[in-house]
Amino acid sequence: MKTKEIKISISEFDKLDELSAADQELIQVAREIAQQAYAPYSNYQVGSALRLEDGTIVSGNNQENASSPLGNCAERTAIFWANANHPNLSIDTIVVTAIDQSRKAALKVSPCGACRQVMLEAEHRYKKPIRVILDSANKIEILQSASHLLPLSFNGDSLKSMG
Ligand code: THU
């Protein structure tokens, strides 16, 4: 029997001005697009902004539906839009932020499992880690790769071994 340990590191920042100007700008874009989210059922408005490898910024928000499984998260809205419109540009950084109508800013922001899987697909597609910035109400967390959010993941390499 072997026991393996998986370590991830998360950098935590208390204030926005501790971050680079580029990261601050991206967070502002995510906060703004969160205001336009369509979330009448959960009242949890999420915004996501991506910086692509050439500096282009793309953003998206959650889009809910009365038939709840049909809604889409902010991260996937932004990533799919980026992949559709800029298929040759890798994603450098993704920001996720949220507004809970009762608190105005979400205490804790953490991407759902489906969005983690979609972020990982983009990492594999472009063969480049995506920095992940989680903009919660009381702190900002930065991870150096989306893979840190989903260890032991399923990916395209898993399918190859079936061959
Ligand atoms: N949501 C996101 O947009 N991103 C996440 O990472 C977590 C959840 C959305 C889905 C739904 O519209 C609302 O937040 C409440 O779950």
Side-chain angles (χ1 to χ4, degrees), residues 6 8-14 16 19 22-52 56-87 89-126 128-156:
I6 299 171
I8 62 165
S9 51
I10 305 170
S11 309
E12 284 190 5
F13 301 85
D14 295 326
L16 195 61
L19 275 68
D23 285 348
Q24 289 186 41
E25 181 193 16
L26 205 58
I27 288 172
Q28 291 301 355
V29 171
R31 289 178 180 180
E32 274 163 36
I33 199 85
Q35 310 277 349
Q36 290 169 212
Y38 178 63
Y41 303 104
S42 70
N43 286 321
Y44 187 73
Q45 293 180 288
V46 187
S48 180
L50 316 178
R51 187 179 298 281
L52 307 183
T56 301
I57 292 179
V58 164
S59 61
N61 50 30
N62 53 331
Q63 297 293 321
E64 295 186 350
N65 194 286
S67 172
S68 54
L70 301 183
N72 204 42
C73 291
E75 299 92 314
R76 278 177 287 153
T77 305
I79 293 171
F80 290 152
W81 198 94
N83 287 170
N85 290 281
H86 303 284
L89 296 179
S90 63
I91 300 167
D92 181 73
T93 303
I94 182 169
V95 172
V96 190
T97 192
I99 310 161
D100 177 323
Q101 288 309 310
S102 60
R103 292 192 298 262
K104 294 298 172 207
L107 222 46
K108 180 89 181 95
V109 170
S110 188
C112 77
C115 289
R116 292 173 191 219
Q117 183 74 28
V118 168
M119 287 181 206
L120 266 179
E121 186 73 27
E123 286 200 345
H124 280 262
R125 176 176 180 176
Y126 298 107
K128 217 185 92 189
I130 301 174
R131 290 174 68 238
V132 182
I133 303 182
L134 304 177
D135 177 38
S136 296
N138 52 356
K139 67 176 170 205
I140 296 165
E141 295 165 308
I142 303 189
L143 293 93
Q144 294 305 323
S145 166
S147 65
H148 297 172
L149 288 169
L150 197 60
L152 307 180
S153 63
F154 176 76
N155 59 50

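In listed order, ligands and their atoms are each counted from 1. Not measured: the values here are computed from a predicted model.
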Does Asp23 form a salt bridge (charged side-chain N to carboxylate O under 4.0 Å, His left out) with Arg51? I'd like the steps, not just the answer. CA-CA 9 Å; Asp23 285 348; Arg51 187 179 298 281; 5.6 Å; no
Applying salt bridge (Lys or Arg N to Asp or Glu O under 4.0 Å), which residue pairs with at least one partner in residues 139-152 are found, sequence neighbours left out? Glu12-Lys139, Lys108-Glu141, Lys139-Glu141
Only counting residues at least two apart or in another chain, list the ones meeting side chain to side chain donor-acceptor pair (under 3.5 Å) with Ser102. Asp100
Gln101 side chain vs Asn43 backbone, donor-acceptor pair below 3.5 Å: no
Taking side chain as C-beta onward, heavy atoms only, is Ser110 less than 4.5 Å from Arg116? yes
Show me, by chain and number, every protein residue that has a heavy-atom distance under 4.0 Å to ligand 1. Ser42, Tyr44, Val46, Asn62, Glu64, Cys73, Ala74, Glu75, Ser110, Pro111, Cys112
Please, which pairs that meet salt bridge (Lys or Arg N to Asp or Glu O under 4.0 Å) have at least one residue in residues 29-38, sequence neighbours excluded? Arg31-Asp135
